[in-house]
Amino acid sequence: MEVRSEEAIRQLQALMDHVEERLMCTFQNVHQGYLAETLERFLKARDWNVSKAYNMLLDCLNWRVDNEIDMMLTKPIIPVDVYRAVRDSQLIGLSGYSREGLPVFAIGVGLSTFDKASVNYYVQSHIQINEYRDRVILPSASKKYGRPITTCVKVLDMTGLKLSSLSQIKLLTIISTIDDLNYPEKTNTYFIVNAPYIFSSCWKVVKPLLQERTRKKIQVLSGSGRDELLKIMDYSSLPHFCKREGSGSSRHSSDGDENCYSLDHPFHQQLYNYIKQQAVQESSRPIKQGSVHVSLPEPPADGAEIVKTIELELHK
């Protein structure tokens with residue numbers, strides 16, 4: 001790490017040493033013992049401007065306290081049929097790990113419909129996966145590999161992307177804004193696979209609007225991306241939609257253990273059982289049904305511009 005970067009981290013840490021206690025408690029859940037790496041993430045997100053990174057981190061901690069994010073892993077989505085409906089329409093899962101130990105998350109961008117539950121359920125589910133990743137998955141990987149592992153890899157499947165995706169842009173923008181503001185720099189690389197023509201068309205006009213830091217993380221692969229992905233992970237860690245040659249995917253697989261989107265996949269079974277166990281430990285009262293309401297952020301100006309550009313391109 002450069003001397004300038006180390007100095008910025010020291011300055012930010014000095015500022016954080018004086019935050020009020022209620023924020024310090026939730027900050028511990030954010031950094032999980034990897035303080036320098038966490039401060040570095042927020043600094044990167046604000047181009048190493050210490051003052052801006054400090055304000056961003058304070059806003060994040062206040063958001064966590066105001067919305068009880070620390071308790072999110074004690075609030076299961078019940079009954080299980082509701083959660084299954086969320087999983088069947090918000091396609092995301094953990095398929096394995098890269099050879100460097102980074103978790104590999106698969107996301108079905110094109111086939112996610114977000115039409116089986118309210119916005120609040122999808123936001124709740126997304127935040128729970130983020131919190132489980134940061135507080136369970138990444139610390140376990142760090143322990144296993146004997147070094148800090150604080151980021152993941154995401155494989156975005158664009159199969160099925162079409163004009164009707166316009167209806168999902170608002171929700172996707174909310175989720176991505178939550179990530180940008182409160183979980184910055186958690187993704188090492190985005191691999192885009194099974195990209196149809198409509199994506200290629202949008203990508204040409206959106207790419208110049210992205211920050212250089214973000215552009216460098218995105219790799220658009222040919223077809224299912226299998227051969228390229230096998231350079232950084234074993235076959236067993238490939239998302240199910242990448243295990244065939246060429247392109248094409250499906251929402252479901254005949255084998256629940258194979259389809260990492262499914263509630264029957266080990267990752268989602270472990271996650272759901274973990275949340276239920278945490279709920280029982282937290283309170284002896286019956287678990288309430290209904291979604292958790294989280295304050296939804298307004299997208300930043302550049303994000304709104306990107307959304308508008310995508311909408312115009314899709315209409316074309």
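None of the values given here were measured: they were computed from a predicted structure.
- Partner of M72 under the side-chain contact (heavy atoms from CB on, under 4.5 Å) criterion, chosen from N130, I275, V294, N67: V294.
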Verdict with supporting geometry, R10 and E7, salt bridge (Lys or Arg N to Asp or Glu O under 4.0 Å): CA-CA 5 Å; R10 280 195 293 269; E7 179 59 27; 2.9 Å; yes
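- Considering CZ of F199 and CG of L161, their distance stands at 8.0 Å, rounded to 0.5 Å.
- The ring-ring contact (aromatic ring centres under 6.0 Å, His included) test applied to Y274 returns Y132, not counting sequence neighbours.
- Looking at every heavy atom in both residues, S98 comes nearest to V104 through N-CG2, 3.6 Å.
- In this structure, the separation between CG on L57 and CG on L43 is 9.0 Å, given to the nearest 0.5 Å.
- Side-chain contact between R64 and D70 is present, with heavy atoms from C-beta onward closer than 4.5 Å.
- The closest donor-acceptor contact from the side chain of N188 to the backbone of T151 lies at 3.5 Å or more, if one exists at all.
- The shortest distance between side-chain heavy atoms of T189 and K154 does not fall below 4.5 Å.
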The test is side-chain contact (heavy atoms from CB on, under 4.5 Å); show your working for F241 and T159 and say whether it passes. CA-CA 9 Å; F241 51 80; T159 299; over 6 Å; no
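- Of the possible donor and acceptor atoms, one in the side chain of S112 sits under 3.5 Å from a partner among the backbone N and O of L91.
- Inter-residue side-chain proximity for C242 and V193 is flagged as met; some heavy-atom pair is nearer than 4.5 Å.
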Between N62 and R22, is a side chain to side chain donor-acceptor pair (under 3.5 Å) present by the stated rule, with each step listed? CA-CA 9 Å; N62 277 301; R22 75 184 189 104; 2.7 Å; yes
Just do the side-chain contact (heavy atoms from CB on, under 4.5 Å) check on L263 and V80 with the steps written out, would you? CA-CA 9 Å; L263 178 56; V80 69; 3.7 Å; yes
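- Remark: D264 does not engage R87 in a salt bridge, criterion side-chain N to carboxylate O under 4.0 Å.
- Considering every non-hydrogen atom in both A45 and E185, the closest pair reads N-CG, 4.2 Å.
- Formation of a donor-acceptor pair under 3.5 Å by the S95 side chain with backbone atoms of S237 is found in this model.
- Between the side chain of K186 and the backbone N or O of T150 there is at least one donor-acceptor pair closer than 3.5 Å.
- A single hydrophobic cluster is not seen to contain both Y34 and L138; linkage of ILVMFWY side chains at heavy-atom distances under 4.5 Å, directly or through other members, places them apart.
- Residue L156 holds its CG atom at 8.5 Å from CD1 of I218, rounded to the nearest 0.5 Å.
- Remark: side-chain polar atoms of R215 are paired, donor with acceptor, to backbone N or O of L210 under 3.5 angstrom.
- Side chain of S125 to main chain of Y121: no donor-acceptor pair is present (N/O by atom type, distance under 3.5 Å, no hydrogens or angles).
- Both I232 and V155 are members of a single hydrophobic cluster when ILVMFWY side chains are connected at heavy-atom separations under 4.5 Å.
- Proximity of R41 to V30: side-chain heavy atoms (C-beta onward) are separated by under 4.5 Å at one or more points.
- With hydrophobic clusters built from ILVMFWY side chains whose heavy atoms lie under 4.5 angstrom apart, I77 does not share a cluster with M71.
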Working for side-chain contact (heavy atoms from CB on, under 4.5 Å), residues V19 and Y54: CA-CA 10 Å; V19 301; Y54 175 63; 4.2 Å; yes
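- Under the 4.5 Å side-chain heavy-atom criterion for grouping Ile, Leu, Val, Met, Phe, Trp and Tyr, W63 is connected to V119 within one hydrophobic cluster.
- For the pair I69 and T26, the minimum side-chain heavy-atom distance is 4.5 Å or more.
- Each of H265, H240, K243 was checked for a side-chain hydrogen bond (donor to acceptor under 3.5 Å, both in side chains) with E258, and the lone residue meeting it is K243.
- The side-chain heavy atoms of Q219 and E228, taken from C-beta on, include no pair separated by under 4.5 Å.
- Partners of N49 according to the side chain to side chain contact (heavy atoms under 4.5 Å, CB included) rule, which considers only residues two or more places apart in sequence or in another chain, are S51, K52.
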Stepwise side chain to side chain donor-acceptor pair (under 3.5 Å) test for D234 and S236: CA-CA 5 Å; D234 294 336; S236 60; 5.0 Å; no
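- Side chains of M158 and I192 form a contact here, defined as non-hydrogen atoms less than 4.5 Å apart.
- Note: the hydrophobic cluster containing L181 does not contain L296 (ILVMFWY, side chain heavy atoms under 4.5 Å, direct or indirect links).
- Dense packing is recorded around NZ of K217, with more than 12 heavy atoms of other residues, nucleotides or ligands lying under 6.0 Å away.
- Residues passing the ring-ring contact (aromatic ring centres under 6.0 Å, His included) test with Y97: none are found, sequence neighbours excluded.
- Applying the side chain to side chain contact (heavy atoms under 4.5 Å, CB included) criterion to H31, with sequence neighbours excluded, gives F27, Q28, L35, T38.
- Shown here for C260 and L94, the closest heavy-atom pair between the two residues is CB-O, 3.8 Å.
- Remark: Q211 CD to T214 OG1 distance equals 5.0 Å, nearest 0.5 Å.
- Side-chain contact between H126 and L171 is absent, with no heavy atoms from C-beta onward closer than 4.5 Å.
- With respect to the salt-bridge test (charged N to carboxylate O, under 4.0 angstrom), the residues E212 and K216 qualify.
- Heavy atoms only, all atoms of each residue included: M16 and L39 are closest at CG-CD2, 4.1 Å.
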Step by step, work out the side-chain contact (heavy atoms from CB on, under 4.5 Å) result for E131 and Q128. CA-CA 5 Å; E131 291 293 307; Q128 286 178 333; 5.8 Å; no
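- A side-chain donor-acceptor contact under 3.5 Å links Q90 to the backbone of Y122.
- Residues forming a ring-ring contact (aromatic ring centres under 6.0 Å, His included) with Y272 (at least two apart in sequence, or on another chain): Y83.
- Applying the salt bridge (charged side-chain N to carboxylate O under 4.0 Å, His left out) test to every pair with at least one member in residues 196-208, sequence neighbours left out, gives no pairs at all.
- Going from atom OG of S5 over to atom CH2 of W48 covers 4.0 Å, rounded to the nearest 0.5 Å.
- The distance from the CD1 atom of I129 to the CG atom of L73 is 10.5 Å, given to the nearest 0.5 Å.
- With respect to the salt-bridge test (charged N to carboxylate O, under 4.0 angstrom), the residues K116 and D88 do not qualify.
- Taking each heavy atom of I9 and A36 in turn, the nearest pair found is CD1-O, 4.1 Å.
- Under the 3.5 Å distance criterion, the side-chain polar atoms of R133 are left unmatched by any main-chain donor or acceptor of V136.
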